[in-house]
Amino acid sequence: MEFSINKEYVLNTAKELLEFNSPSGFCFKIMDMIEDKVKNIGYKFERTNKGCGVITIDGRSDEKVIGLSAHVDTLGAMVRSITSKGTLKFTLIGGPIVPTLDSEYCTIRTRDGREYTGTFLSESAAVHVYEDATSKKRDPENMEIRIDEVVKNKDDVKNLGISVGDFIFIDPKTTITESGFVKSRFIDDKGSVACLLSLLELFKRESIVPSYKTKIFISTYEEVGHGSSYIPSDITEMIAVDMGCIGLDLECTEYDVSICAKDSGGPYDYNMVTDLVNLSEDNNISYAIDIYPRYGSDVGAALRGGNNIRGALIGPGVHASHGMERTHYNALENTIKLLCLYLTK
Ligand SMILES: [Zn+2]
């Protein structure tokens, strides 16, 4: 099957998604943006009670419904308390590598929509003052957020409208290089959301109709464990499209689509994995089969939520996950190709 992927669309969409703040629990705004994009391409978009997006693509047959999922929520933080000296203590949303947050810029959003910038820092931030400036453990207990406003005490901060429970967005620092690398926080899993939107763009542009009715599920709350706990009940098989792991004895690189055979939740559906491997082999798609030692996916959440599905997991290889991540355009392209082939087989 011949089809051509629109590289510019893929990378522009990835950049737009990556730069839009959406930690778990604060995804309704990015979902509006995705809804606009999907409707502009020309597909139907609905929302679940929890705020996940469901995009329906009519297929040649209604015999079964195939689901694809990717999560648009990211890691982040929330104001835990305001200190007497006018800094913020924070609680984490999801599991970032906390030492990578040291000196990271952020934005604090008040409940009434005001935004202030700030910086994550160690409580022993100055090397000229603190003996433990380099050695103090980087964890939320020993870190704080310095707000870029003239605040000298707790009341000054409260007067800005900042309060416990306000979201803190970590600066994604999205950069796309001439050499084709996408480096940013939260490529997990916005790289995959960009792949799914690019798949829609491809289907529409080339008038490709999938073999079966297909529902694309854009999940939220994945980073906190219950992204796809509910999915439309007519889905019988689902591919979670989520970042591929890189490191240790794993084979995946930043150029491959990763096919996961087993993660922390156990093996994926044997026949689906086999189909994905065979399609990659037959079509010269650069892929790797891997075991993810410390990983759970939307398929796992859907199964634990009681959904009657079989599931697989694929996605672009992402280096340094939950830290300063990076992937390459080739990994995104290989992921889109494999999804297109799977849906039209
Ligand atoms: Zn993920």
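As the structure lists them, so they are numbered: ligands from 1, and atoms in each ligand from 1.
- Residue pairs satisfying the side chain to side chain donor-acceptor pair (under 3.5 Å) criterion with at least one member in residues 147-164, sequence neighbours excluded, are listed as follows: Thr117-Asp148.
- Judged purely by atom type and a 3.5 angstrom limit, Thr107 has no side-chain atom pairing as donor or acceptor with the backbone of Glu115.
- Around the Zn ion (ligand 1), protein N, O or S atoms at less than 2.8 Å number 4.
- The minimum heavy-atom distance between Ile170 and Gly76, with the atom names listed, is CD1-CA, 3.7 Å.
- Taking the ring axis of Phe181 as reference, the NZ or CZ atom of Arg326 stays within 45° of it and closer than 6.0 Å to the ring centre.
- The side chain to side chain contact (heavy atoms under 4.5 Å, CB included) test applied to Lys136 returns Ser122, Glu123, Ser124, Asp132, Arg138, Asn142, not counting sequence neighbours.
- Listed by first and then second residue, the salt bridge (charged side-chain N to carboxylate O under 4.0 Å, His left out) pairs involving residues 287-308 amount to none (not counting sequence neighbours).
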